[in-house]
Trainee: 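Mind having a look at this structure? Questions to follow.
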Amino acid sequence: MMRLLFALLALFIGPTLTMQQTFAQQAMPPAPYAYVQLEDPALEAEAAELMGTLRCLKCQSQSINDSDAPMAGDMRHQVRTRILAGESPEQIRSWLVERYGDYVSYEPEVSSTTWPLFAIPLLLLAVVGLVLMRRLGKRRSDAEEVN
Amino acid sequence: MRPIYLIPLALFLFFAGLAGYQLTQPKLQNIPSQMIEQPLPEFTLQPAFEGLPGASRSDFVGGQPRLLNIWASWCLPCIAEAPHLERLEEAGVEIIGVSIRDRPEAVASFLNQHGNPYTRIGADDISALMLDIGASGVPETYVIDAEGNIRYQHIGDIRTDTVPLLLEILEEVR
């Protein structure tokens with residue numbers, strides 16, 4: 001009976017606690033450029049392209065462009081204000097990578113941990129090329145023998 | 001069948017096994033900051049409420065090593081770490097707070113309820129300092145040496161066993 005009571009209590013209190021939390025967090029207005037686009041469409045396009053390849057640190061596998069997490073909004077604000085101040089998208093990406101490592105970027109760079117990503121396709125192509133050359137070479141020599 | 005034809009199957013099984021194994025592993029929760037052993041970036045933050053001054057980089061330079069505690073009144077683990085911050089303060093550590101996306105009245109009532117271990121609290125309404133030091137959540141605590149360099153990052157709430165660890169590191173970087 002007590003257990004049931006606790007379960008019911010948790011059912012009611014749980015959501016109110018999390019709601020309080022989200023409400024409190026949303027009570028602050030978002031950063032100016034979290035949900036506001038840059039006036040210049042060219043600059044906004046540059047920012048949007050970059051934001052689509054930066055990882056939201058608070059979410060599971062979402063870019064900061066796709067996320068409504070308050071921190072993603074703050075990151076969008078940083079990207080837009082920095083673009084507006086004349087920084088290039090790559091400068092902004094490396095500013096974030098310097099702080100969070102490769103984790104924050106969806107565009108992998110060649111590094112000590114990521115090199116297999118780049119090396120394996122080349123290796124596979126080389127293997128395929130070798131196999132093809134041997135087979136085709138063999139077929140040609142077979143054909144010559146028949147002639 | 002020639003054994004060479006088993007290679008694709010073996011490769012497939014290897015990758016399926018790898019994926020299966022990774023699915024059983026917990027998600028990487030902590031994203032460590034790359035700013036350890038780097039100077040604390042330049043910043044100036046307004047007071048988070050009327051009771052204490054705001055915070056800037058210069059508050060970390062000179063004297064003793066200090067703690068930089070990133071927190072917020074809306075953050076539940078911050079309630080859990082409040083008594084441990086008090087213990088650090090009682091041990092003579094200066095703790096400078098930075099509150100994230102917080103309202104002054106919420107900061108004041110949190111401190112009333114859970115105690116105030118801070119000498120200063122800066123208000124970071126747009127996570128500017130948070131992003132600049134590579135913090136990815138609330139709460140996080142950084143050890144800053146007297147030259148203003150970041151020496152250690154603790155991710156998540158400070159627990160009973162974190163207190164002696166932080167005291168030890170504060171002593172080490174002195």
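Only heavy atoms go into these numbers, but all of them, side chains included; no hydrogens, no water, no symmetry mates. Residue numbers begin at 1 in each chain, while the letters A, B, ... track the order of the sequences.
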Trainee: Quick check for you: to the nearest 0.5 Å, what is the distance between Asp132(B) atom CG and Gln78(A) atom CD?
Mentor: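 Nearest 0.5 Å value for the CG-CD distance: 7.5 Å.
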Trainee: What do you reckon, is CD of Glu87(A) surrounded by more than 12 foreign heavy atoms closer than 6.0 Å?
Mentor: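 Above 12, so yes.
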Trainee: I'd like to check Gln34(B) versus Val97(A) (side-chain heavy atoms, cut-off strictly below 4.5 Å). Are they in contact?
Mentor: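 They are not in contact (no side-chain heavy atoms under 4.5 Å apart), so the answer is no.
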Trainee: Measure the shortest side-chain to side-chain distance between Glu98(A) and Gln38(B) over non-hydrogen atoms and say whether it is less than 4.5 angstrom.
Mentor: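 With C-beta onward as the side chain, the pair stays apart.
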Trainee: Is there a path of hydrophobic side-chain contacts, each under 4.5 Å between heavy atoms, that joins Ile95(B) and Val61(B)?
Mentor: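 Different clusters: Ile95(B) never reaches Val61(B) through Ile, Leu, Val, Met, Phe, Trp or Tyr contacts under 4.5 Å.
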Trainee: Judged by atom type as modelled, is there a donor-acceptor pair below 3.5 Å linking the side chain of Tyr100(A) to the main-chain atoms of Pro32(B)?
Mentor: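 Side chain of Tyr100(A) to backbone of Pro32(B): no pair is present.
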Trainee: Less than 4.5 Å apart, any side-chain heavy atom of Asp74(A) and any of Met130(B)?
Mentor: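 No. Closest side-chain heavy atoms not under 4.5 Å.
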Trainee: Should we say atom CZ of Arg174(B) is surrounded by more than 12 heavy atoms from elsewhere, each under 6.0 Å from it?
Mentor: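 Counting neighbours around CZ of Arg174(B), more than 12 heavy atoms of other residues, nucleotides or ligands fall under 6.0 Å, so yes.
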Trainee: Check whether Val104(A) gets within reach of chain B through its side chain, its backbone, both or neither, counting any heavy atom under 4.5 Å.
Mentor: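 Neither part.
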Trainee: Can you name the residues of residues 34-51 of chain A that have some heavy atom under 4.5 Å away from a heavy atom in chain B?
Mentor: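 No residue falls under the 4.5 Å cut-off.
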Trainee: May I ask whether Ile7(B) and Tyr5(B) are part of the same hydrophobic cluster, defined by side-chain heavy atoms of I, L, V, M, F, W, Y residues being less than 4.5 angstrom apart, directly or through others?
Mentor: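 Hydrophobic grouping puts Ile7(B) with Tyr5(B).
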Trainee: Quick one: do Met71(A) and Trp95(A) end up in the same hydrophobic cluster if we chain Ile, Leu, Val, Met, Phe, Trp and Tyr together by side-chain heavy atoms under 4.5 Å apart?
Mentor: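 Same cluster: Met71(A) reaches Trp95(A) through Ile, Leu, Val, Met, Phe, Trp or Tyr contacts under 4.5 Å.
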Trainee: Between Ile155(B) and Leu88(B), is there shared hydrophobic-cluster membership here, with clusters defined by ILVMFWY side-chain heavy atoms closer than 4.5 Å?
Mentor: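 Shared cluster, no.
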Trainee: If I compare all heavy atoms of Ser136(B) with all of Lys58(A), which pair ends up nearest, and what's the gap?
Mentor: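 Scanning both residues, the minimum pair turns out to be O-CE, 3.2 Å.
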Trainee: Where does Ala72(B) contact chain A at under 4.5 Å (heavy atoms): side chain, backbone, both or neither?
Mentor: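 Ala72(B) has no heavy atom closer than 4.5 Å to chain A.
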Trainee: Could you state the interatomic distance from CG (Asp125(B)) to CE (Met28(A)), rounded to the nearest 0.5 Å?
Mentor: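 One finds 3.5 Å between CG of Asp125(B) and CE of Met28(A).
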Trainee: Out of the candidates Pro30(A), Pro29(A), Pro32(A), only one should pair with Ile126(B) under the side chain to side chain contact (heavy atoms under 4.5 Å, CB included) rule; please name it.
Mentor: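 So, applying the side chain to side chain contact (heavy atoms under 4.5 Å, CB included) to Ile126(B) and each of Pro30(A), Pro29(A), Pro32(A), only Pro32(A) qualifies.
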Trainee: Surrounding CD of Glu109(A) (heavy atoms of other residues, nucleotides or ligands, distance under 6.0 Å), is the total greater than 12?
Mentor: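 Not more than 12 within 6.0 Å, no.
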Trainee: Would you say the side chain of Leu131(B) lies within less than 4.5 Å of the side chain of Arg99(A), judging by non-hydrogen atoms?
Mentor: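 No, too far: nothing below the 4.5 Å cut-off.
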Trainee: Do Leu13(B) and Leu6(B) share a hydrophobic cluster (ILVMFWY, side-chain heavy atoms under 4.5 Å, transitive)?
Mentor: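 Yes.
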Trainee: Quick check on Glu50(B): does its CD atom have over 12 non-hydrogen neighbours (other residues, nucleotides or ligands) under 6.0 Å away?
Mentor: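 Open: at most 12 neighbouring heavy atoms sit under 6.0 Å from CD of Glu50(B).
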Trainee: Please give me the minimum heavy-atom distance between Ile31(B) and Leu57(A), naming the atom from each residue.
Mentor: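 Closest heavy-atom pair between Ile31(B) and Leu57(A): CD1-O, 3.8 Å.
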